[in-house]
Amino acid sequence: MSAISREEVSHLAMLARIDLQPDELDRLAAQLDVILDAVATVTQVAGEDVPATSHPMPLTNVTRPDEPRPCLTQEEALSGAPAAEAGRFRVPRILEED
Amino acid sequence: MTGTTLPADLTRATAAGLAQALAAGDVSAVEVAQAHLDRIAAVDGTRDADGVATGRAVHAFLHVCAESALADAKAVDDARAAGQTLPALAGVPIAVKDVMATRGLPTTCGSRILQGWVPPYDATVVANIRAARMVVLGKTNMDEFAMGSSTEHSAYGPTRNPWDLDRIPGGSGGGSAASLAAFETPLATGTDTGGSIRQPASVTGTVGVKPTYGAVSRYGLVALASSLDQAGPCARTVLDTALLHQVMAGHDPMDSTSLTGEYPDVVAAARAGATGSLDGVTVGVVRELSGDGYQAGVLRRFEESLAVLTEAGAKVVEVSCPSFTVALAAYYLILPSEASSNLAKFDAMRYGLRVEPGGVAVPTAEQVMGATRAAGFGDEVKRRIILGTYALSSGYYDAYYGSAQKVRTLIQRDFAAAFGQADVLVSPTSPTTAFPLGDKLENPLAMYLQDVATIPANLAGVPGMSLPSGLADEDGLPVGLQILAPAGADDRLYRVGGALEAILTARWGGSVLDRVPDLSAALATAANGATR
Amino acid sequence: MTVTDTTEAVLAYDDVVAAYDPVLGLEVHVELNTATKMFCGCPTGFGAEPNTQVCPVCLGLPGALPVLNARGLESAIRIGLALNCEIASWCRFARKNYFYPDMPKNFQTSQYDEPIAFNGFLDVELDDGSTFRVEIERAHMEEDTGKSTHVGGATGRIHGADYSLVDYNRAGIPLIEIVTKPVEGAGERAPEIARAYVAALRDLLRALGVSDVRMEQGSLRCDANLSLRAKVPGAAPGSAEQRAVPLGTRSETKNVNSLRSVERAVRYEMTRHAARLAAGLKIVQETRHWHEDTGITTSGREKSDAEDYRYFPEPDLVPMSPDPAWVDELRGTLPEPPPQRRRRLQAEWGFADLEMRDLVNAGAVELVEATVAAGAAPAAARKWWSGELARRANADGVELAAMPVTPAQIAALQGLVDAGTLTDSLARQVLEGVLAGEGEPAEVVESRGLQVVSDDGALGAAVDRAIAENPDVADKVRSGKVAAVGALVGAVMKQMRGQADAAKVKALLTERLAPADSTTDVSTS
């Protein structure tokens with residue numbers, strides 16, 4: 001696997017919404033390089049025929065009945081909010097529509 | 001007449017002993033709680049207004065809830081006085097890892113980003129503990145979001161190892177393990193994603209169990225890596241661990257991955273093990289989990305344990321699990337990937353820290369998210385989020401995340417083959433004894449290697465225990481033995497662990513923790529140093 | 001970030017279809033009408049106080065875990081079956097990772113490469129009675145987001161707002177996303193086909209009973225993708241020759257939330273794309289926002305490499321492997337396909353094509369059916385629902401089915417008309433009372449005193465008075481100008497405040513004003 005560049009780390013930080021400082025970018029790029037080098041062995045072990053395991057236990061079809069359960073109160077819901085107004089979470093302006 | 005003999009210092013008692021004495025009315029829950037709160041006040045040290053540890057003390061707790069603990073204890077005493085039948089562990093104190101949501105008590109996960117957050121709900125495990133009428137003393141320190149093997153990654157300062165205050169107590173559950181070794185509590189909860197219960201147990205001379213994945217509800221545990229996380233019990237003896245295991249485990253409809261069906265009787269297994277006989281049990285030694293990279297004193301105690309197991313009647317065989325050599329690599333792709341997604345919710349919108357970026361008049365939500373996550377997460381968390389984001393990103397997914405999930409299949413197959421030859425598998429829990437604080441902070445990879453022996457169990461979902469196998473000759477620090485069992489056979493850990501513990505403590509003439517240095521002396525020195 | 005609110009150049013529609021072959025892609029999100037959310041037990045009712053239908057799970061609180069709603073899965077499978085899809089024998093949820101303030105976990109629990117249903121089709125009836133088959137790529141389960149209100153700036157729009165307020169009541173409501181394969185061969189009928197597809201899907205979902213399908217409340221939302229490619233001269237729209245031409249760059253128009261808008265938006269985008277292509281400009285792959293008021297789309301977010309959703313299997317939910325026997329059982333619960341049902345009902349009721357289509361477009365077929373079942377004649381039932389009620393619903397801006405009157409009440413009202421207790425105009429007043437919540441039709445008749453006056457004495461007096469007060473008119477009638485009687489009928493009705501049967505009034509007037517030579521019998525009777 002090729003080395004990870006500072007630009008790539010910067011792009012990843014954007015995807016992960018973490019404003020990294022220039023010195024952090026440098027340090028992380030170097031550290032990730034070492035880590036990725038160490039973990040690259042996984043790419044060489046398993047063949048095409050080996051299925052991937054996403055869940056450690058082979059459970060399927062776990063559902064719950066469509067029956068209402070108690071909600072939080074509005075006060076409880078907003079209890080941790082950095083800011084609230086009119087029963088809603090007050091958040092900074094949103095730049096783009098989803 | 002009860003036949004129980006409690007030590008004069010109640011904090012030296014086992015949970016089983018306390019439970020019996022409480023039931024018999026030999027001691028009140030308030031007395032027990034007060035003794036532990038006094039011990040915490042004496043050895044745990046203080047924190048500044050920002051919650052950061054000050055001075056040289058154990059610092060196992062991030063938050064101590066003395067008032068509610070005493071109220072809970074009094075309620076237990078009142079109920080008992082009124083003739084109510086109470087659960088077995090009613091009135092026994094417990095410390096809760098700060099990764100578990102506790103209604104009305106702060107829950108920070110050792111992170112700045114959750115400073116001051118008080119959950120409006122209880123984790124199922126916490127609800128089970130409260131239903132058992134146990135007395136919650138407080139919340140224990142941990143590596144931020146359980147990422148680490150030393151508790152040094154806590155935003156509120158490290159926990160120190162009671163065996164040597166300049167060494168790490170393991171991690172991520174270093175707070176819980178240290179609180180046990182410092183006799184601040186007889187029981188504590190932990191969570192284990194790659195060894196966070198077992199490795200701290202190993203380096204503090206305590207017992208810890210990671211149950212089968214799905215045996216204990218994950219509802220209310222702040223997720224690190226959902227497919228690896230498992231909560232479990234921490235204690236000073238195998239029986240105490242089993243007693244807490246039984247309270248924590250059970251099916252929970254709020255967790256889709258919670259196991260249904262019969263749960264094994266771990267308490268009975270621990271009692272059976274305590275007879276010291278392992279006739280008919282085959283123990284497999286995993287070839288790949290010893291040798292290079294393991295401290296000499298650790299290997300010596302391991303060999304000794306194998307001899308004890310043989311003595312107890314077990315047949316010891318060697319097994320090979322070749323894919324275990326890539327378990328660490330797979331783990332450090334799967335964990336960061338899942339963590340990068342699980343930790344996305346900490347964005348300053350609904351709870352926790354909100355930081356506004358400088359130099360912007362009316363910042364956008366996106367800018368506030370970026371600034372908050374930069375300020376609120378520590379280096380290790382950022383490192384793993386970026387790594388996970390990379391491993392999941394298009395173009396790399398198949399090579400990294402996809403391959404790692406395949407390795408997971410291979411590891412499960414290795415376990416299946418090994419358990420075809422042996423009832424349980426054993427290895428050293430951790431390659432080393434407790435290392436000095438700061439030793440591996442600048443070298444993430446070296447820190448990751450602490451978990452090399454514990455990680456395979458998480459990848460496969462099988463249960464594992466760490467229990468003391470003695471002290472290393474070269475440094476006099478505790479060494480842990482790891483026992484692994486097939487999924488669903490958690491009782492086997494207790495049977496084998498119980499036997500080993502019985503024989504070793506008989507040989508030592510007491511618990512390994514009897515040899516933990518006198519903390520008050522160490523702290524007095526520290527205090528003198530601080531005042532000078 | 002600049003906002004493009006300027007109107008772009010467009011090409012005349014005839015020129016567009018002469019030169020280009022449109023290819024559509026339609027993504028419909030439908031909110032299920034389950035009692036609880038997809039992954040938690042919070043209720044799903046519309047219009048509750050903000051943040052009162054939330055819990056740790058749908059609020060994304062640390063530690064909370066999802067558990068799948070059994071009814072949500074069942075509805076997804078039934079929708080898949082009704083769309084002639086294959087049902088996955090094994091599939092998982094996946095996390096779609098991106099940050100947005102109205103998404104509590106900053107990932108959406110969705111399905112990625114393993115949808116619950118795939119490879120189906122829906123036959124869509126067009127206005128001319130022909131049928132067009134739309135191929136379905138997939139139908140998958142996911143969860144809705146919260147709702148933001150933008151405060152400050154201009155008129156609550158997102159741009160220029162000072163801050164936003166978020167309500168998470170909607171977060172976690174079950175959604176099924178239904179995605180078509182590229183719709184080729186539509187040609188000039190592409191806008192109509194887009195609308196007809198969404199209408200057909202809406203009818204199907206309503207018949208399945210899985211959703212309220214209220215576009216105006218957002219329980220059915222449509223995104224329309226469109227691209228143009230050069231038309232092969234002489235080749236038919238769906239021909240192999242035309243299909244061989246590579247697809248053009250597409251735009252994805254969001255917020256298209258009425259049937260009419262679907263058609264208009266597709267049409268607009270065709271003309272916009274064509275104008276750009278004709279001018280030698282590139283089409284930008286982007287999302288576009290539809291503006292109902294101005295009938296145009298504006299540029300939204302550009303699709304770029306920066307968008308990387310990092311999908312991976314959701315570890316907190318276990319795989320689904322629906323038992324084939326259960327799937328077969330669900331297949332047995334599918335309703336008669338709406339087009340077939342419409343034809344059957346039309347024949348039973350004896351309606352003309354146009355009458356039936358009006359009912360369908362008004363979403364009134366079920367209402368008429370229920371009204372007929374409650375005893376009303378089909379023609380009368382149709383008259384109420386596509387006449388008076390449709391007019392009122394339209395004026396109030398609500399869906400017909402949301403009007404506060406039941407089919408049984410309409411049948412009862414019509415029964416009163418049939419029995420002669422009410423005239424048509426009185427019946428409309430009674431309806432007003434029922435809609436105002438004054439009770440059952442009979443109760444409103446009673447309380448408002450709206451009964452037809454059948455007391456011949458009172459009516460006779462009114463008639464006599466009208467004749468006395470309008471001698472000129474009376475004379476005209478007597479002299480054989482029969483049409484003039486209308487003015488007298490009006491006068492009587494006015495005196496009676498409408499509570500009289502106009503036909504009976506006319507008959508009485510005609511009797512009284514008959515030419516003298518033929519009055520004898522009547523006057524003495």
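We name chains A, B, ... by the order of the sequence lines, and we start the count at 1 in each one.
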**OP:** Would you check if there is a donor-acceptor pair between the side chains of B:T409 and A:T53 at a distance under 3.5 Å?
**Re:** yes
Original post:
Which atoms of A:Q21 come close to chain B, meaning under 4.5 Å heavy atom to heavy atom: side chain ones, backbone ones, both, or neither?
Top reply: neither
Original post:
Based on non-hydrogen pairs under 4.5 Å, which of B:P119, B:G214, B:A371 is most in contact with chain A?
Top reply: B:A371
Original post:
Distance from A:E48 atom CD to B:K406 atom NZ, nearest 0.5 Å?
Top reply: 5.0 Å
Original post:
Above 12 or not: heavy atoms from other molecules or residues under 6.0 Å from CD of A:E75?
Top reply: no
**OP:** Would you name the heavy atoms of B:K382 and A:L20 that are closest together and state the gap between them?
**Re:** CD-CD2, 3.9 Å
Original post:
Can you tell which of B:A348, B:P363, B:A330, B:A404 has the highest number of heavy-atom pairs within less than 4.5 Å of chain A?
Top reply: B:P363
**OP:** For B:R373 and A:D19, indicate whether the former's side chain and the latter's backbone hold a donor-acceptor pair under 3.5 Å.
**Re:** no
**OP:** Sort B:A391 into side chain, backbone, both or neither according to what part of it lies under 4.5 angstrom from a heavy atom of chain A.
**Re:** neither
**OP:** Examine whether an atom of B:L387 lies under 4.5 Å from a heavy atom of chain A, and if so say whether it belongs to the side chain, the backbone or both; otherwise answer neither.
**Re:** both
Original post:
So which of A:A13, A:G80, A:G47 has the biggest tally of heavy-atom pairs under 4.5 Å with chain B?
Top reply: A:G80
Original post:
Among A:I35, A:T41, A:T63, which has the most heavy-atom pairs under 4.5 Å with chain B?
Top reply: A:I35
Subject >> Most chain B-contacting option - heavy-atom pairs closer than 4.5 Å, from A:V62, A:L12, A:T73 >> reply: A:L12
**OP:** Please report the shortest heavy-atom distance between B:T364 and A:P92, naming the atom on each side.
**Re:** C-CB, 3.7 Å
**OP:** Taking A:R17 for its side chain and B:E366 for its backbone only, find out whether a donor-acceptor pair lies under 3.5 Å.
**Re:** no
Original post:
Salt bridge between A:E76 and B:R103, side-chain N to carboxylate O under 4.0 Å?
Top reply: yes
**OP:** For atom CD of A:Q44, decide whether the heavy atoms of other residues, nucleotides or ligands shown that lie under 6.0 angstrom number more than 12.
**Re:** yes
Original post:
Which heavy atom of B:G461 sits nearest a heavy atom of A:P56, and at what distance?
Top reply: CA-CB, 4.0 Å
Original post:
Where on B:Y331 is there a heavy atom nearer than 4.5 Å to chain A: the side chain, the backbone, both, or neither?
Top reply: neither
Original post:
What residue, out of A:L32, A:V9, A:L72, has the most heavy-atom pairs lying under 4.5 Å from chain B?
Top reply: A:L32
Subject >> Contacting region of B:A460 [heavy-atom separation from chain A under 4.5 Å] >> reply: backbone
Subject >> Heavy-atom proximity to chain A below 4.5 Å, by part of B:V368 >> reply: side chain
**OP:** Test side chain to side chain contact (heavy atoms under 4.5 Å, CB included) on B:M254 and A:R69 and set out the steps.
**Re:** CA-CA 11 Å; B:M254 298 295 281; A:R69 289 174 50 91; 3.9 Å; yes
Original post:
What's the shortest heavy-atom distance between A:E8 and B:Y390, and which atoms?
Top reply: OE2-CE1, 3.6 Å
Original post:
Is there any residue in residues 350-358 of chain B with a non-hydrogen atom under 4.5 Å from a non-hydrogen atom of chain A, and which ones are they?
Top reply: B:R350, B:Y351, B:G352, B:R354
Original post:
Do B:P444 and A:Q31 come close enough that some side-chain heavy atom pair is under 4.5 Å?
Top reply: yes
Original post:
Which of the residues B:A374, B:A487, B:S403, B:G370 is involved in the greatest number of heavy-atom pairs with chain A at under 4.5 angstrom?
Top reply: B:G370
Subject >> Contact origin within B:L333 toward chain A - heavy atom pairs under 4.5 Å >> reply: side chain
Original post:
Rounded to the nearest 0.5 Å, how far does OG1 of A:T43 lie from OH of B:Y400?
Top reply: 7.0 Å
Original post:
Among A:V39, A:V34, A:L28, who wins on heavy-atom pairs under 4.5 Å with chain B?
Top reply: A:V39
Subject >> Among A:S79, A:A38, A:A16, A:A77, residue most engaged with chain B (heavy-atom pairs, under 4.5 Å) >> reply: A:A16
**OP:** Decide side chain to side chain contact (heavy atoms under 4.5 Å, CB included) for B:T212 and A:M57; before the verdict, give the C-alpha distance in whole Å, the side-chain angles of both, and the deciding distance to 0.1 Å.
**Re:** CA-CA 9 Å; B:T212 300; A:M57 295 293 139; 3.8 Å; yes
Original post:
Just one of B:T372, B:I385, B:V381 clears the side-chain contact (heavy atoms from CB on, under 4.5 Å) bar with A:I18, so which one?
Top reply: B:I385
Subject >> Reported CD1-to-NE2 distance for the pair B:I386 and A:H11, which is rounded to 0.5 angstrom >> reply: 10.5 Å
Subject >> Region of B:D379 that comes under 4.5 Å of a non-hydrogen atom in chain A >> reply: side chain
**OP:** Go through the atoms of B:S256 and report whether side chain, backbone, both or neither lie under 4.5 Å from a heavy atom of chain A.
**Re:** both
**OP:** Heavy-atom distances under 4.5 Å only: say whether A:R27 touches chain B with side chain, backbone, both or neither.
**Re:** side chain
Original post:
In terms of heavy-atom pairs under 4.5 Å with chain A, which of B:W117, B:Y213, B:Y121 leads?
Top reply: B:Y213
**OP:** For A:S54 and B:S227, work out which heavy atoms get closest and say how close.
**Re:** O-CB, 3.6 Å
